[in-house]
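Here's the structure, in structure tokens; my notes come after.
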Protein chains: 2
Amino acid sequence: MSRLERAEELYEAVNQLIRVHQFRDRDYICCHDVSVAQCYALETLIKRGPLRLQALADEMYLDKSTTSRVVDSLLRKQYVLKLHDPDDQRAIQLSLTPSGEALYQTIHQDLISEEASMIKDVPPEVVDGALTLIRQLTIAARNRLGS
Amino acid sequence: MSRLERAEELYEAVNQLIRVHQFRDRDYICCHDVSVAQCYALETLIKRGPLRLQALADEMYLDKSTTSRVVDSLLRKQYVLKLHDPDDQRAIQLSLTPSGEALYQTIHQDLISEEASMIKDVPPEVVDGALTLIRQLTIAARNRLGS
DNA sequence: ATCACTATGTTGTTAGTAACAACTATAATG
DNA sequence: CATTATAGTTGTTACTAACAACATAGTGAT
């Protein structure tokens, strides 16, 4: 199999995985109080700590304007907190409120236990292998984006 | 590592991969004459042969109403063809026009050669491994959806 | 010190994504 | 023939997301 053929198979396989995951995520997230993008913002803020708007946008591969609106909806629902940076009046630090954290934990547990059921018949060493490879692919893709 | 921990890591890794892929796909597809969803419809129609609307919707994990509109836009741009089934006046068979096929081939080649560059530093056997595992995960997820 | 430049966020606008419900028209069934 | 089921379309609503224009706040050079 040539590299091009390999690339084609991989592209196809990843695409299929993406569809299924997205479909499932919508299902699990939207019955709570937030949309998929909002949930992803919560996740990013939890995992990458307090962030400025532009930094959050970069992490999520979104435009700052889009991010601003996503954050705004979370603000109105009181899931995130805006703190003005005293050293720079333009900048804001975004972090989760306790209720934001609680909501994310609930959704996260749902999603993870679903993922766990999903892989219940896949041998652990196979999952570990997949993990490594998927990460390698992500890194390769990310490096490519930068250039 | 427990199954839950494994599930958590996997969920995170797949999510990252999805973001990067989506970001890139938008970039590569939207500079041509179609949107991401439209391109995916073209792809599905090429790969799964002529389809009815409902069948196309099922393949794409979309509602038939959403699919109807996606198809409609492709119809207006003359990339797909609607044929009424003589045996069932309600049903339509959807297929690509020559220009639809040509457009898809162009985009597809772009995407695949990008994917190929992406994996140029990843050893072939690693890609093959990832391929198998990603497919296994997709199947597991799909089975889970059905239930 | 001031004027130009840059960076941070927000708002206006536009287009694409996607579901649910209601509807029309056509089969299939009893 | 009436009832029910199926195939697609249309109305409506909400979310996703970018680009451009903007206000405001720091940064630097003269």
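Below, chain A is the first sequence line, B the second, and so on; all start at residue 1.
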* Structure fact -> Rounded to whole Å, CG of A:Leu74 lies from P of D:dT16 at a distance of 10 Å

* Identify whether any heavy atom of A:Ser35 sits under 4.0 Å from a base atom; if not, whether one sits that close to sugar-phosphate; answer base, sugar-phosphate or nothing. => sugar-phosphate

* Asked: Checking all strands, does B:Tyr40 fall into the base, sugar-phosphate, or nothing category for heavy-atom contacts under 4.0 angstrom?
  -> nothing

* Asked: Looking at C:dA25, does its base get a donor-acceptor pair with the side chain of B:Arg90 below 3.5 Å?
  -> no

* Structure fact -> Considering only heavy side-chain atoms of A:Asp63, the closest of D:dG8, D:dA25, D:dC19 is D:dC19

* Of all heavy-atom pairs between B:Ile107 and B:Cys39, which one has the smallest distance, and what is that distance? -> CG2-SG, 4.0 Å

* Asked: Given atom CG of B:Asp87 and atom C1' of D:dA7, what is their separation to the nearest angstrom?
  -> 15 Å

* Asked: Does B:Lys82 use its side chain to pair, donor to acceptor, with the backbone of B:Leu75 at less than 3.5 Å?
  -> no

* **Whole angstrom value for the distance that separates C1' of C:dG9 from CG of A:Leu75** => 13 Å

* Asked: What's the CG-P distance between B:Asp88 and D:dA5, to the nearest Å?
  -> 17 Å

* **Within 45° cone and under 6.0 Å: A:Arg26 NZ/CZ vs B:Tyr61 ring** => no

* To do: Determine yes or no for a side-chain-to-main-chain donor-acceptor pair under 3.5 angstrom, with B:Thr67 supplying the side chain and B:Leu53 the backbone.
  => no

* Rounded off to whole Å, could you give me the NZ-to-P distance for the B:Lys77 and C:dA15 pair? => 12 Å

* OP1 or OP2 of C:dT10 sitting under 4.0 Å from any side-chain N/O of A:Lys82? -> yes

* Return the 5'-most residue of the pair A:Arg26, A:Gln93 with respect to DNA chain C, ranking by each residue's nearest nucleotide. => A:Gln93

* Distance test, side-chain N/O of B:Ser68 to OP1/OP2 of D:dT9, below 4.0 Å -> yes

* Name the nucleic acid region contacted by B:Arg69, choosing base, sugar-phosphate or nothing; use a 4.0 angstrom heavy-atom cut-off, strictly under. => base

* **Selection from D:dT9, C:dG9, C:dA18 that lies nearest to any side-chain heavy atom of B:Leu62** => C:dA18

* Checking salt bridge (Lys or Arg N to Asp or Glu O under 4.0 Å) against A:Arg52, which of A:Asp85, A:Asp58, A:Asp87 comes through? -> A:Asp85

* Hey, does the side chain of B:Ser65 come within less than 4.0 Å of D:dT9's phosphate (OP1/OP2), counting only N and O? -> no

* Rounded to the Å, how far apart are A:Leu94 CG and C:dT8 P? -> 13 Å

* To the nearest angstrom, how far is A:Arg19 atom CZ from C:dT17 atom C1'? -> 12 Å

* Rounding to a whole Å, what distance do you find between B:Ile29:CD1 and D:dA18:C1'? -> 16 Å

* Asked: Which is true for A:Val36 with a 4.0 Å heavy-atom rule: it touches a base, it touches only sugar-phosphate, or it touches nothing?
  -> sugar-phosphate

